[in-house]
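Everything on this sheet refers to the single structure shown next.
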Amino acid sequence: QEQRRRLLDVASRFPLPSGCRFSYGTAGFRADGATMAPAVCRAGILAALRSVKLAGAAVGIVITASHNPIGDNGVKIADPDGGMMDQQWEPFADALANAPDPDALLQMVLQFVKDEGIPLGGHHTAQVLLGRDTRPTGEYLLDAALQGINAIVGAHAIDMGILTTPQLHWMVWSKNKGTKASESDYFTQLINSFRRMLELLPKDKGGYELAKKLIVDGANGIGGVKLEQMKAELSGLDIIVRNSGKEGEGILNHLCGADFVQKERVTPHGFGPEDVGVRCASLDGDADRLVYFQMSSSSDNKVDLVDGDKILSLFALFIREQLDVINNNGSQVDKSLPARLGIVQTAYANGASTQFLKGLGLEVVFTPTGVKYLHKKALEYDIGIYFEANGHGTVVFSEDFISQLESLSNDLSSQAANSQYHAAMRLMAATQLINQAVGDALSGLLLVEAILQYKRWSFQNWCELYSDLPSRQLKVKVVDRSSIVTTDAETKVSQPSSLQELIDKETANYTQGRCFVRPSGTEDVVRVYAEASTQVEADSLAKSVAHHVE
Ligand code: NG1
Ligand code: ZN
């Protein structure tokens with residue numbers, strides 16, 4: 001009875017404006033921040049139900065619209081493993097968000113609770129951790145989420161404050177593992193494992209010495225704020241944060257941030273000729289994306305870009321190298337560490353990166369766009385490395401692999417001078433440094449920095465690992481984007497049936513041509529991606545295919 005009353009109450013406090021429709025896409029619900037309260041409140045209900053269903057395991061809610069403009073906002077739910085909410089609950093998320101009135105909402109919840117066997121009303125408890133980014137609508141939406149959570153009897157909401165998206169995911173992950181899960185624990189883990197990585201650098205110096213100076217574009221979001229907090233404790237790095245989100249520095253994601261730099265390939269706001277030749281990184285508004293760039297000339301604002309694909313390649317090279325040292329070191333201790341290493345990409349990965357990785361003999365697999373697909377696939381390996389070209393990605397290690405690595409390190413520790421031991425310790429440090437719950441620009445940045453120092457590589461060395469094929473992305477507005485259905489990890493259109501044939505015909509006209517179209521999961525557009533041997537050709541291929549989509 002109490003439960004019914006609470007649900008009816010909260011639903012009437014957040015009525016759904018007529019004509020409003022929400023859909024739980026690749027990044028949860030996203031819309032104009034001012035219109036989001038009903039959806040966020042219902043996401044609160046949903047998260048609490050999810051926690052009850054999972055025997056009180058901590059679940060997360062993040063209020064953010066990532067790289068989108070400051071007026072937008074969004075909400076997504078993190079499962080107890082720190083990943084995105086199980087896709088099986090997405091249809092209910094949609095239905096709940098669109099329940100037209102309090103009664104409908106109540107009936108919907110009661111039916112779902114029954115179908116899913118959720119033990120509501122007993123002595124069960126639920127805990128939901130909440131985080132939000134720096135958006136002006138964040139606090140208001142946080143309140144809506146809290147009210148939604150509190151509408152479920154026994155649910156306990158814990159506001160973790162203003163955080164990067166990956167910090168909140170990490171907290172949920174850590175809490176459920178039973179390890180320390182506060183923000184200062186997060187910083188301590190990153191700082192300590194970064195220091196360990198540097199301690200494990202090969203001693204025989206020589207060759208290129210990486211400049212300590214790194215300029216980071218914080219997108220005027222939460223990532224810059226957190227990096228400012230952390231940087232004082234980072235030895236071996238001299239970080240300067242621009243677009244840090246401080247008063248007067250600029251607007252969130254406006255002409256800055258990882259999305260802007262990756263798509264436009266120009267310097268973000270606040271960078272100029274004095275930065276030529278300096279290694280720079282760019283985060284997105286909630287710090288779950290990372291790209292690197294460098295200006296090579298002061299005559300224009302174009303940059304050399306290192307995108308997610310090249311970050312992935314760097315990580316893959318490093319990890320493979322450590323495994324090789326451990327496994328192929330015949331002259332030393334006869335210990336081995338069998339590991340299935342998998343690389344996960346999407347169709348947006350630059351073709352040159354895929355070719356490069358396959359050329360190294362690595363196993364490369366593809367999933368549809370969206371972290372939930374990539375992450376899940378990566379978990380199938382002992383070591384799974386995934387990245388989207390836009391800079392979102394991470395490395396995940398199986399529990400089995402980590403325990404083997406631990407016992408190997410113990411076995412080798414009596415021979416602390418040998419290279420096998422060092423390689424094992426480097427891998428251990430990497431498992432601590434990288435955020436295994438989700439892509440994390442801050443932890444990714446530290447791993448990149450440590451690996452560049454380890455390899456004694458300059459930004460240029462890294463950038464020249466392979467040359468990206470010229471590419472072009474276009475957005476096409478259509479009446480109903482869901483009329484386009486794709487298959488084969490979004491590389492082929494299955495509906496409308498004639499479209500793929502047209503795309504194939506256009507693509508055949510270009511050397512190294514590759515093109516695909518898919519409906520966006522976060523914007524009301526169809527995206528067209530084209531690649532070819534020259535920029536002019538890539539542009540022209542994208543344009544001609546876009547015409548067929550219109
Ligand atoms: P959509 O709008 O579905 O293309 C975009 C990005 C994804 C992912 C999500 C979530 C591109 C082409 N797509 O998805 O990679 O990051 O946003 O933020 O960059
Ligand atoms: Zn983001």
Side-chain angles (χ1 to χ4, degrees), residues 23-31 62-70 72-76 78 83-85 90 131-135 163-169 217-224 226 252-253 256-264 282-291 307-309 312 344-350 366-375 386-394 435 438-444 471-477 481-482 484 486 489-491 515-531 542:
S23 154
Y24 199 92
T26 28
F29 298 120
R30 229 174 248 193
V62 193
I63 297 168
T64 178
S66 186
H67 57 281
N68 290 147
I70 188 160
D72 289 2
N73 216 329
V75 63
K76 58 184 166 187
M84 304 291 270
M85 181 182 73
E90 288 184 7
R132 62 190 160 98
D133 68 15
T134 54
R135 283 164 203 274
L163 298 171
T164 71
T165 293
Q167 279 184 310
L168 195 275
H169 284 263
D217 160 28
N220 288 310
I222 186 61
K226 300 298 177 184
L252 175 72
N253 295 329
C256 61
D259 193 63
F260 173 80
V261 175
Q262 191 240 347
K263 301 249 156 63
E264 307 297 327
S282 183
L283 323 176
D284 75 336
D286 62 339
D288 62 355
R289 289 193 196 178
L290 170 70
V291 297
D307 62 1
D309 303 335
L312 170 109
V344 190
Q345 297 192 306
T346 72
Y348 289 104
N350 195 279
F366 286 82
T367 71
T369 303
V371 180
K372 58 190 175 191
Y373 301 111
L374 289 136
H375 192 92
Y386 71 86
F387 262 89
E388 295 188 303
N390 61 31
H392 186 111
T394 191
N435 186 338
V438 73
D440 182 335
L442 299 184
S443 100
S471 68
R472 175 62 59 202
Q473 267 198 58
L474 294 176
K475 297 181 192 183
V476 185
K477 292 233 181 272
R481 72 189 200 275
S482 69
I484 292 191
T486 63
E490 302 178 327
T491 54
C515 183
F516 66 94
V517 306
R518 56 175 279 278
S520 160
T522 60
E523 289 176 64
D524 190 14
V525 295
V526 171
R527 294 193 200 283
V528 177
Y529 177 94
E531 224 172 66

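Predicted model, so just to flag it, every value in this text is computed and none were measured. Both counts, for ligands and for their atoms, begin at 1 and track the order of listing.
Against a heavy-atom cut-off of under 4.0 Å, Arg527 is close to the following atoms of ligand 1: 1 (P), 2 (O), 4 (O), 12 (C). For ligand 1, the atoms lying closer than 4.0 Å to a non-hydrogen atom of Ser520 are 1 (P), 2 (O), 3 (O). In summary, the atoms of ligand 1 found under 4.0 Å from a heavy atom of Tyr348, numbered by their order in the structure, are 12 (C). When each atom of ligand 1 is checked for a heavy atom of Thr369 under 4.0 Å away, the hits are 7 (C), 15 (O). Close approach of ligand 1 to Arg518 (heavy-atom distance below 4.0 Å) involves ligand atoms 1 (P), 3 (O), 4 (O).
Using a 4.0 Å cut-off between charged nitrogen and carboxylate oxygen, Glu490 and Arg527 do not count as a salt-bridge pair.
Of all protein N, O or S atoms, those under 2.8 Å from the Zn ion (ligand 2) number 4.
Judged purely by atom type and a 3.5 angstrom limit, Ser282 uses its side chain to pair as donor or acceptor with the backbone of Ala258. A donor-acceptor contact shorter than 3.5 Å links the side chain of Arg481 to the backbone of Ser520. A donor-acceptor pair under 3.5 Å links the side-chain atoms of Asn390 to the main chain of His392, judged by distance alone.
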Query raised in the report: Does the pair Asp284 and Ser66 meet the rule for a side chain to side chain donor-acceptor pair (under 3.5 Å), with working shown?
Result: CA-CA 7 Å; Asp284 75 336; Ser66 186; 2.8 Å; yes

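Nearest protein neighbour of atom 11 (C) of ligand 1, counting heavy atoms only, is Asn390 ND2, 4.0 Å. Looking only at heavy atoms of the protein, atom 5 (C) of ligand 1 is closest to Thr522 OG1, 3.9 Å.
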